[in-house]
> 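I am attaching a structure below and will ask some questions about it afterwards.
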Amino acid sequence: MAEYLIPLLTLLATGAFAGVLAGLLGVGGGIVLVPAFLLVFTGAGYDGPDVMQICLATSLATIIVTSIRSVMAHHRRGAVDWQILKTWALGIGIGAVIGVLTVGALRTEMLQVIFAVLVVIIATYMAISRSHWRLAEDMPKGLRRAIIAPMIGFVSVLLGIGGGSIGVPLMTLHGRSVHRAVATAAGFGVLIAVPSVLTFLAYPADGAPPYTMGSVNIPAFLVTISMTLLTAPLGAALAHRTDAARLKRYFAIFLMLVAANMLRKALTG
């Protein structure tokens with residue numbers, strides 16, 4: 001019984017934490033979910049060459065549900081910039097599909113190294129960034145948007161996240177308040193996760209755990225969203241009455257530890 005109970009409790013706790021983070025800090029819950037899935041799958045003996053692909057795909061599947069719930073909660077507060085979502089949707093979706101094709105061509109060890117490096121970059125920015133930093137007073141348009149939007153989708157798939165870790169800094173650096181950026185970045189998750197998950201469903205993974213469709217593990221997905229559905233609105237509510245700056249710096253330290261552990265796993269096998 002314990003061999004099933006411990007992974008179940010791990011997934012429930014991680015799902016609850018990821019849901020709060022998605023609404024509170026605007027960071028992709030996948031930054032927490034991917035390492036947790038890796039721990040659960042490898043602990044259960046499913047440590048084949050495609051296990052990281054399964055973790056990323058399953059994380060993105062949960063983000064479809066989490067992001068919809070989170071963006072609707074923010075929308076009720078009038079905080080979502082729907083114009084940004086409309087104009088950035090196509091580019092982000094294209095980048096997400098390219099990200100899936102890239103993940104399908106790489107093995108777990110390389111994906112772990114990429115994940116760790118990207119997490120360190122995100123954590124460093126979270127730790128040192130200041131609310132008054134600006135690159136411009138409006139969002140990129142034209143060629144700049146055509147370049148940046150696919151990059152958001154691409155990098156987010158490599159991390160298994162909903163794009164908030166990239167979207168929130170992008171928007172705050174371009175004149176949007178942090179609350180509006182967090183709310184709008186929640187919508188990035190749908191733009192990234194829907195096309196990427198549809199593509200991952202067509203990518204069978206070697207050595208996958210039971211009940212895995214393509215690269216998405218259905219039991220892990222269902223257990224996780226049972227908690228994120230409950231906690232994402234809580235995170236969104238807290239975001240509107242919490243100073244997130246200090247929390248982000250504490251969370252950055254946590255991410256550094258996550259990245260170090262992921263890198264250790266990649267290098268030691």
> Taking side-chain contact (heavy atoms from CB on, under 4.5 Å) as the test, write out the residues that go with Ala181, two or more places apart.
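Once residues adjacent in sequence are excluded, the partners of Ala181 under the side-chain contact (heavy atoms from CB on, under 4.5 Å) criterion are Val168, Met171, Thr172.
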> More than 12 foreign heavy atoms under 6.0 Å from CE of Met213: is that the case here?
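Incorrect, the count does not exceed 12.
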> Does any part of the side chain of Val71, heavy atoms only, come nearer than 4.5 Å to the side chain of His75, both counted from C-beta?
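In short, these two side chains do not touch, never coming nearer than 4.5 Å.
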> Return the CD1 to CE distance between Ile122 and Met256, rounded to the nearest 0.5 Å.
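One gets 10.5 Å once the value is rounded to the nearest 0.5 Å.
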> Residues in ring pair (Phe, Tyr, Trp, His ring centres under 6.0 Å) with His174, at least two apart?
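Ring pair (Phe, Tyr, Trp, His ring centres under 6.0 Å) list for His174, sorted by chain: empty.
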> Return the minimal non-hydrogen interatomic distance between Ile63 and Gly30, and the atom names on each side.
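Ile63 and Gly30 have their closest heavy atoms at CD1-N, 4.2 Å.
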> Could you list the donor-acceptor pairs under 3.5 angstrom formed between side-chain atoms of residues 182-194 and any protein atom two or more places apart in sequence or on another chain?
| from | atom 1 | to | atom 2 | distance (Å) |
| --- | --- | --- | --- | --- |
| Thr184 | OG1 | Asp81 | N | 2.9 |
| Thr184 | OG1 | Arg180 | O | 2.8 |

> State, to 0.1 Å, how close Met227 and Ala16 come at their nearest heavy-atom pair, and which atoms those are.
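Taking every non-hydrogen atom into account, CB-N, 3.5 Å.
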> Can you name the closest pair of heavy atoms from Ile152 and Leu170 and give their distance?
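Looking at all heavy atoms of both residues, the closest pair is CD1-CD2, 3.7 Å.
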> Considering residues at least two apart in sequence or located in another chain, which fulfil the side chain to side chain donor-acceptor pair (under 3.5 Å) criterion with Ser215?
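Here the qualifying residues are Gln53.
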> Between Asp47 and Phe41, does the side-chain contact (heavy atoms from CB on, under 4.5 Å) criterion hold? Intermediate values first, please.
CA-CA 7 Å; Asp47 54 355; Phe41 292 148; over 6 Å; no
> What residues form a side-chain contact (heavy atoms from CB on, under 4.5 Å) with Ala259, not counting sequence neighbours?
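Here the qualifying residues are Ala116, Val119, Val120.
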> Is the backbone N or O of Gly15 less than 3.5 Å from a side-chain atom of Thr228, with the two atoms forming a donor-acceptor pair by type?
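Checked: no pair found.
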> Residues two or more places apart in sequence or in another chain: which of them pass salt bridge (Lys or Arg N to Asp or Glu O under 4.0 Å) with Arg144?
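Listed in chain order: nothing, the list is empty.
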> Tell me, do Leu159 and Val34 make a side-chain contact under 4.5 Å, heavy atoms counted?
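The answer is no; the side chains never approach within 4.5 Å.
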> Okay, side chain of Thr14, backbone of Ala36: is any donor-acceptor separation there less than 3.5 Å?
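Here the side-chain-to-backbone pair does not exist.
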> For Met151, which fellow cluster members are found when Ile, Leu, Val, Met, Phe, Trp and Tyr are connected by side-chain heavy-atom distances below 4.5 angstrom, either directly or through intermediates?
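Once heavy-atom contacts under 4.5 Å are chained together, Met151 belongs with Leu143, Ile147.
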> Test Phe221 against every option in Ile64, Leu11, Thr58 by the side-chain contact (heavy atoms from CB on, under 4.5 Å) rule and name the one that passes.
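Among the candidates, only Thr58 passes.
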> Cluster question for you: counting only ILVMFWY and a side-chain heavy-atom cut-off of under 4.5 Å, with indirect links fine, are Val65 and Ile68 together?
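Looking at the clustering, Ile68 is in the same group as Val65.
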> Within the distance-only criterion (no hydrogens, no angle test), does the side chain of Thr212 pair as donor or acceptor with the backbone N or O of Pro209 below 3.5 angstrom?
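Yes; judged by distance alone, with no hydrogens or angles, the pair exists.
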> Lys141: what forms a salt bridge (Lys or Arg N to Asp or Glu O under 4.0 Å) with it, not counting sequence neighbours?
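Once residues adjacent in sequence are excluded, the partners of Lys141 under the salt bridge (Lys or Arg N to Asp or Glu O under 4.0 Å) criterion are Asp138.
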> Determine, step by step, whether Ile94 and Leu90 satisfy the side-chain contact (heavy atoms from CB on, under 4.5 Å) criterion, reporting the C-alpha distance in whole Å, the side-chain angles of both residues, the deciding distance to 0.1 Å, and the verdict.
CA-CA 6 Å; Ile94 290 171; Leu90 179 60; 4.0 Å; yes
> Which pairs would a plain distance check flag for residues 197-206, meaning a side-chain donor or acceptor within less than 3.5 Å of a matching protein atom at least two apart in sequence or in another chain?
| from | atom 1 | to | atom 2 | distance (Å) |
| --- | --- | --- | --- | --- |
| Thr199 | OG1 | Pro195 | O | 2.8 |

> Please write out which residues are connected to Tyr125 in a hydrophobic cluster, directly or through intermediates, given that two of Ile, Leu, Val, Met, Phe, Trp, Tyr count as joined at side-chain heavy-atom separations below 4.5 angstrom.
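Besides Tyr125, the cluster holds Ile128, Trp133, Leu135, Leu173.
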> Minimum heavy-atom separation for Val157 and Val100, please, with both atom names.
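Residues Val157 and Val100, closest heavy atoms: CG1-N, 3.6 Å.
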> Going from CD1 on Ile225 to OG1 on Thr66, what distance comes out if it is rounded to the nearest 0.5 angstrom?
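Nearest 0.5 Å value for the CD1-OG1 distance: 8.0 Å.
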> Hey, could you give me the CG/CG distance between Leu158 and Leu106, rounded to the nearest 0.5 Å?
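That separation rounds to 7.5 Å.
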> For Gly207 versus Tyr46, what's the shortest heavy-atom pair and its separation?
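For Gly207 versus Tyr46, the nearest heavy atoms are O-CD2, 3.9 Å.
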> Shortest non-hydrogen contact from Pro150 to Arg145?
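Shortest heavy-atom separation between Pro150 and Arg145 comes out as CD-O, 4.0 Å.
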> Under a single-linkage definition using a 4.5 Å side-chain heavy-atom cutoff for Ile, Leu, Val, Met, Phe, Trp and Tyr, are Leu39 and Val258 assigned to the same hydrophobic cluster?
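They do not share one cluster, since no chain of ILVMFWY contacts under 4.5 Å joins Leu39 to Val258.
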> For the CE atom of Met52 and the NZ atom of Lys265, what is their distance to the nearest 0.5 Å?
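Rounded to the nearest 0.5 Å, the CE-NZ separation comes to 10.5 Å.
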> Taking side-chain contact (heavy atoms from CB on, under 4.5 Å) as the test, write out the residues that go with Arg134, two or more places apart.
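Expected list: Glu137.
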> For Pro219, give me all partners under side-chain contact (heavy atoms from CB on, under 4.5 Å), at least two apart in sequence or on another chain.
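Only Tyr211, Asn217 meet the side-chain contact (heavy atoms from CB on, under 4.5 Å) criterion with Pro219.
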> Between Ser196 and Val97, is a side-chain contact (heavy atoms from CB on, under 4.5 Å) present by the stated rule, with each step listed?
CA-CA 5 Å; Ser196 62; Val97 173; over 6 Å; no
> At what distance, to the nearest 0.5 angstrom, does CG of Leu56 lie from CZ of Phe37?
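Nearest 0.5 Å value for the CG-CZ distance: 10.5 Å.
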> How long is the straight-line distance from CG of Asp50 back to SG of Cys55, given to the nearest 0.5 Å?
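Rounded to the nearest 0.5 Å, the SG-CG separation comes out at 11.0 Å.
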